[in-house]
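Comments concern the structure below.
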Protein chains: 2
Amino acid sequence: MTTIYDISKATGFSPTTVSKALNDYSDVSEKTKQIILKKASEMGYIPNSHARILITKKSWTIGILFDEKLNIGMKHPYFNAIIESFKENVESRGYDLLFISKDLGGNRTTYLDHCIIRGIDGVIIITSHPNNEQIIELINSDFPCVLIDNECNRKSSIHSDDVRGCYLAVEYLYSLGHRKIAHIYGSKDTFAGNVRLNEFINSLKKFNLPKIDEYLVDGGYFSFDGGYNAMKKLLELEDLPTAVFTAGDFMAVGAISAIKEKGLRVPEDISIIGYDDLDICKYVTPRLTTIKQNTDLIGKNAADILINEIDKKICRTSMIIPVELVVRDSCKPIK
Amino acid sequence: MTTIYDISKATGFSPTTVSKALNDYSDVSEKTKQIILKKASEMGYIPNSHARILITKKSWTIGILFDEKLNIGMKHPYFNAIIESFKENVESRGYDLLFISKDLGGNRTTYLDHCIIRGIDGVIIITSHPNNEQIIELINSDFPCVLIDNECNRKSSIHSDDVRGCYLAVEYLYSLGHRKIAHIYGSKDTFAGNVRLNEFINSLKKFNLPKIDEYLVDGGYFSFDGGYNAMKKLLELEDLPTAVFTAGDFMAVGAISAIKEKGLRVPEDISIIGYDDLDICKYVTPRLTTIKQNTDLIGKNAADILINEIDKKICRTSMIIPVELVVRDSCKPIK
DNA sequence: ATGAAGCACGAAATGGGTTTCGAAGTTTTA
DNA sequence: TAAAACTTCGAAACCCATTTCGTGCTTCAT
């Protein structure tokens, strides 16, 4: 490995001057710069980031703390879309992305310790269970953070406009003539599950629809099976709903499967509307009508927020991203 | 930030002894160790990994070089499954995962430079186009690498048993009575596309089936659209195939869509068999019969291979992972 | 001619650890 | 009781880059 000392010896200039030339300082003559740069290139000089980070305190690394309940990790199609967008944006601004896990070098460390040990500049927190002790510790620290799909008065956060999303779903079903609308909600210990359940109920009110407790079913952690099982419960009811709004697309697909299994049809007998707009919506039969969360924008803005915070330009930001209704084939006017 | 020098002052022992106590050296008395460890914990000491890496040359970081043609990055359901499995396994062994992008701190760097600058211990290469100049540079270096879904005589590699996978697909279709079997292949400038095309042809021979050139269609980079367009070409043929083997599940779903659009049915009119066993197979209609690639095993073994190489236990490994036929609803005996 | 200003460069401190080797002090052995 | 063998500890070198501050030299204005 070539170091600035090697270049120093080779050119006769001091390591100081070499460093300055490499960093384009103005107090090095153009001639000297050229000599040093040429020699550095000849010798295949590559800077050692750890030495630099040690003294500059800036690692050009952003941590990604990702922990979700389904235990499918990167396979999660909603979160990985956000991560992809975040990654692209953060990389284009010169940062590298490092996964923050709990163990490092075999020793037990907390998330916060891990961030400090690695000297990362900031961290994006993507988690469905923000009540985790270690995450709370991180949020309460003064480490630059941005929370995805959560709210918190100590840290920056970004999430979709679920108020409007739920309203759009109910409005659409209402406009198709549906009055008996059920909701398969995401687990109440997730932020999204909670908010969407509340906003579903609020939206019902706006259309003067009654809140019927049996039409509110827990679909767990947004999984296919959760939606399937929840739908089965709904199908046992005497008075079936004519439409079901699920808090996530996977649950919607599961619900459709339960409905088909019962011998009913979607959307002829029951309309289904999902939430997320995962790729899968286009491939299932019927193609799923849903509320689209703009993962590109969420990821991009999360990057902006975090980097602004790292650069001390902005202290804290709360951002809400628009959603939209995507009409496909899983909803139909009531007969 | 507490340093070993702070602990040194607070306890009266030299920084050397503090460092040794923290690292459990045997030439520090038990009593001294206890005093130092206690004080370190009191003072909230957290080691600085950059200082340590600078001298030990071991960063406990593994790079992930991920570059695929569809430009969907982490959203790619096959690659992200491998990454997830790889991630879990390297993390459990104390390594952190860092994405290797091309730009670092705003300066243009190659993949290899990036790896060296960051001082990572090894890198996993997941790419659909291994002929990229920068990737070749990396492969030709002596940096510890493991290639996913590729083969190379200079570096370790791991991929599925495509020879058997293609045979299984053809055998299954043959056993259902199909004799006119088409293949939608993945782009020839991908490893998987190439191998599967060749092995499809080889498998035909094994069953004494003729190779018909019109039945071999390029499906591009394994996308839905690629499969859709390729299938459209097949459907223009006078003598339609009774079964189609696609080199990837996405292409299979696209193909099904084209068949339906034409007014034909799957599997009644045309049987379709995919490759990969993505989650989506379970959710499309008809549920997709496919060849399952074991992403868990690929990721896990890639981790083992790479870490063994980093630890200098093994120089180079080529590994092939078994595949299996997963029968669902998209194939049917010929009428 | 002289003091001031500007330019080009380098010595040395800094960041936070690890590791080698030597030196005391203590215990064991002959 | 002297020599040998352990224990326990620390000085100092090292890893590789950055940055402050000072120095010598040249150029300019007076």
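We name chains A, B, ... by the order of the sequence lines, and we start the count at 1 in each one.
A distance-only check finds a donor-acceptor pair linking the side chain of Glu68(B) to the backbone of Gly73(B) [under 3.5 Å]. Listed for the Ser156(A) side chain is a donor-acceptor partner under 3.5 Å among the backbone atoms of Thr317(A). Ser128(B) places a side-chain N or O within donor-acceptor distance of the main-chain N or O of Lys69(B), the cut-off being under 3.5 Å. Here the side chain of Asn132(A) pairs a donor or acceptor atom with the backbone of Gln134(A) at under 3.5 angstrom.
Note on the helix from dA1(C)-dT30(D) to dA30(C)-dT1(D): angle between the axes of the first and last five pairs equals 50°, rounded to 10 degrees.
Ring pair Phe79(B)/Phe66(B) is perpendicular by interplanar angle, where above 60° counts as perpendicular and below 30° as parallel.
What separates NZ of Lys58(B) from C1' of dT19(C) is a distance of 18 Å, to the nearest Å. Put simply, NE2 on His50(B) is 14 Å from P on dT18(C), counting in whole angstrom units. One can place CG of Asp24(B) at 14 Å from P of dC9(D), the figure rounded to the nearest angstrom. For the pair Ile36(B) CD1 and dG10(D) C1', the interatomic distance rounds to 12 Å; values are reported in whole Å.
Evaluation of the ring pair (Phe, Tyr, Trp, His ring centres under 6.0 Å) rule for Phe99(B) yields Phe99(A) as partners, not counting sequence neighbours. Scored by the side-chain hydrogen bond (donor to acceptor under 3.5 Å, both in side chains) test, Ser187(B) finds Asp189(B) as partners (sequence neighbours excluded).
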Check: residues 297-308 of chain A side-chain donor-acceptor pairs under 3.5 Å, at least two apart:
unit_1: Lys300(A); atom_1: NZ; unit_2: Asp304(A); atom_2: OD2; d: 2.9
unit_1: Asn301(A); atom_1: ND2; unit_2: Leu297(A); atom_2: O; d: 2.9
unit_1: Asp304(A); atom_1: OD1; unit_2: Arg93(A); atom_2: NH1; d: 2.6
unit_1: Asn308(A); atom_1: ND2; unit_2: Asp304(A); atom_2: O; d: 3.3

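Side-chain contact of Tyr78(A) with Asp149(A): a donor-acceptor pair under 3.5 Å is present, judged by distance alone.
Annotation for Lys58(A): atom NZ counts as buried by contact number, over 12 foreign heavy atoms lying within 6.0 Å.
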Can you give me the N/O atom pairs linking the protein to nucleotides 13-17 of chain D at distances under 3.5 Å, or say none if there are none?
unit_1: dC15(D); atom_1: O3'; unit_2: Lys57(B); atom_2: NZ; d: 3.1
unit_1: dC16(D); atom_1: OP1; unit_2: Lys57(B); atom_2: NZ; d: 3.0
unit_1: dA17(D); atom_1: OP1; unit_2: Tyr45(A); atom_2: OH; d: 3.0
unit_1: dA17(D); atom_1: OP1; unit_2: Asn48(A); atom_2: N; d: 3.2
unit_1: dA17(D); atom_1: OP2; unit_2: Ile4(A); atom_2: N; d: 2.8
unit_1: dA17(D); atom_1: O5'; unit_2: Tyr45(A); atom_2: OH; d: 3.3
unit_1: dA17(D); atom_1: N7; unit_2: Tyr5(A); atom_2: OH; d: 2.9
unit_1: dA17(D); atom_1: N6; unit_2: Tyr5(A); atom_2: OH; d: 3.3

### Query
Can you give one letter per nucleotide of nucleotides 4-9 of chain C, 5' to 3': B if a protein heavy atom sits under 4.0 Å from the base, S if only from the sugar-phosphate, - if neither?
----BB
